[in-house]
Amino acid sequence: MNFISDAAVTNLRLAIDTPDAGSRYIVHELLGRGGMGAVYRAVDSVLGRDVALKALSIDADSPDIATRLTREARVLAHLEHPGIVAVHDAGILDDGRPFYVMRLVRGKRLDEYATSARSGDLLRAFLRVCEAVSYAHARDVIHRDLTPSNVMMGEFGEVLVLDWGVAKIAGESPLTPATVSRANDVTTADGTVVGTPGFMAPEQAMGRAADVDARADVFGLGAILGFLAESSGEPIPRPLAAIITRATAPDASSRYTTADSLANDVRHWLDGRPIVAYRERAVERVARLYRRNKALVLLLLAYAIVRVTILLWRGV
Amino acid sequence: MRNSRAAIAFRPYLGAVRGFPDTRISVVAALSSDDVPERARATETVIAAYRTPVIAVLERRWNMQPADAEDMAHDFFAHALDREWLARYDPAKGRFRVFLRTCLLGFASTAHEAATRQKRGGGITHVSIDDANAVAADDESTSIFDREWIRSVLSIALSALEQECLERGRGAAWRAFVAYDVEGADGARPTYEAIAHAEEIPLTQVTNYLNSTRRRFREHVLTTLRDLTASDAEYRDEVRALLGPRAL
């Protein structure tokens, strides 16, 4: 082989990292690259459908990362929820790298989606994220890295929570086979910091792994809510700001105790109902009741005006 | 400028590597071996792998003509052997690639100054390893050297792959790989169907050929990197460097 061009060099470097997943999965283009590995579009030649294949990067030098990827596949396989991407298969490549195959979701990340979406749509998407996280909590899984870029908005309105590679499996769980438990010990050991700055609860950022529970995810959800509220560029309504403040309280005991209770407050605010996080003034209560029952108030007002008019007319 | 004391043959890398047993230590580690033939083979291998990056830096950083750059590269390696620079490489102090690049920049800089002085009537200057290390690498030289090092490693792996394919009667697989992943990268990438038609093989065989050949290519690249590094940590660093930012 003589001189190879710059384009060929670039292509060959990609070819080196592209996983060879045997005859079943034909790997095509790179979709994205993260801390643990790279995700490719692939074709499942047996079932004849497009899938996403995530494999450890060839330059990953830590056994922990390989363990995390395998563990992520196991965690995902046990979380069957419309808001969590489904895993179809997992294994080890010929070169020793772990991989797993999941549903291919086409769409935008929540941070990209937020630049053009309406605030109501964003809040409804947020509620779907809360539902997925709440389900995971019910299965004793704490995500620990909830960020807008870890949420995918599908082309058909699906909302999927991604990147469960640093998830913590709390307590004794039926979904923790031996290998998962060992990996869990590694990544939740005191002093090990996993997560994304700005979206990470203080107890997690300080490496107090034993203190990290569902409320750490509540913090992440609150930070996502803050990101979405700010993305519109408009002033954040006081009740919504209060919800964000409560969800992201530095002290875990001051936060919502569950993702559900956070979601309920957001849902109530959207519906014009009172919320837990904010004590409204009398004027605000009247304004809220008016907004929520506008048609009824206007009807009663019209009725009152008619009655008064009749009384006045009769009086004259 | 040619140094007659060290006769250096720029033989193909493969020939040099083949001289090593399967359980060989890394080529870089063998540079300081007490076994003279082993040390000679290691030197030859290192020169074959780094010759292109060295020439590229001399051509582009010092604006040398290709023939002059080749002569200077020859002198650099001869000087490095003569002064036992390669044998004195200490893995604890950094990567071999960075060490060699630093040595080159020091050598070229001093040689350039000497050549300028000679034109004015000055004498010949000998370069010590300390002089060489004293020259800081500028961004341009580093970028050229590293880019060409990547190209060199990939070229070596491609040559090994080609030879292997031809020896094992996998000419069609090699041609499919070259057509799609090497020549096709420049814009005229053939479809799988076109390759299948050209090679008169089923479409599924093209996929199999490409997958298996890419796998072997990956193994040759990693083997080359393993040879050209002195420790596991350096090996991993170099794998990362090779697979890092893709833009050239």
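Proteins get letters first, then strands, A, B, ... in listed order; numbering begins at 1 in each.
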Chain B contact via Ile26(A) - side chain, backbone, both or neither, heavy atoms under 4.5 Å: side chain
- prompt: Is it true that Glu148(B) and Arg151(B) have a side-chain N and a carboxylate O under 4.0 angstrom from each other?
  reply: yes
- line: Whatever's closer than 4.5 Å to a heavy atom in chain A on Tyr235(B) counts as neither
task: With a 4.5 angstrom heavy-atom cut-off, could you sort out which part of Arg216(B) is near chain A: side chain, backbone, both or neither?
output: neither
query: Between Phe96(B) and Tyr50(B), what is the ring plane arrangement, given parallel below 30°, perpendicular above 60°, and tilted in between?
result: perpendicular
query: Looking only at heavy atoms, what is the nearest atom pair of Ala66(A) and Leu56(A), with distance?
result: CB-CD2, 3.7 Å
task: Name, in order of residue number, those residues of residues 206-214 of chain B that have a heavy atom at a distance of less than 4.5 Å from a heavy atom in chain A; otherwise write 'none'.
output: Thr207(B), Asn211(B), Arg214(B)
query: Pick one: which of Arg101(B), Arg60(B), Arg61(B) meets side-chain hydrogen bond (donor to acceptor under 3.5 Å, both in side chains) with Ser141(B)?
result: Arg61(B)
statement: Given the options Val46(B), Leu100(B), Val28(B), Leu31(B), Tyr89(B) meets side-chain contact (heavy atoms from CB on, under 4.5 Å) only with Val28(B)
message: According to salt bridge (charged side-chain N to carboxylate O under 4.0 Å, His left out), does anything in residues 36-55 of chain A pair up with another residue at least two apart or in another chain? List the pairs.
response: Arg24(A)-Asp44(A), Glu29(A)-Arg41(A), Arg41(A)-Asp50(A), Asp50(A)-Arg106(A), Lys54(A)-Glu72(A), Lys54(A)-Asp163(A)
- prompt: In terms of side-chain geometry, is the basic nitrogen of Arg147(B) or Asp6(A) positioned less than 4.0 Å from the acidic oxygen of its partner?
  reply: no
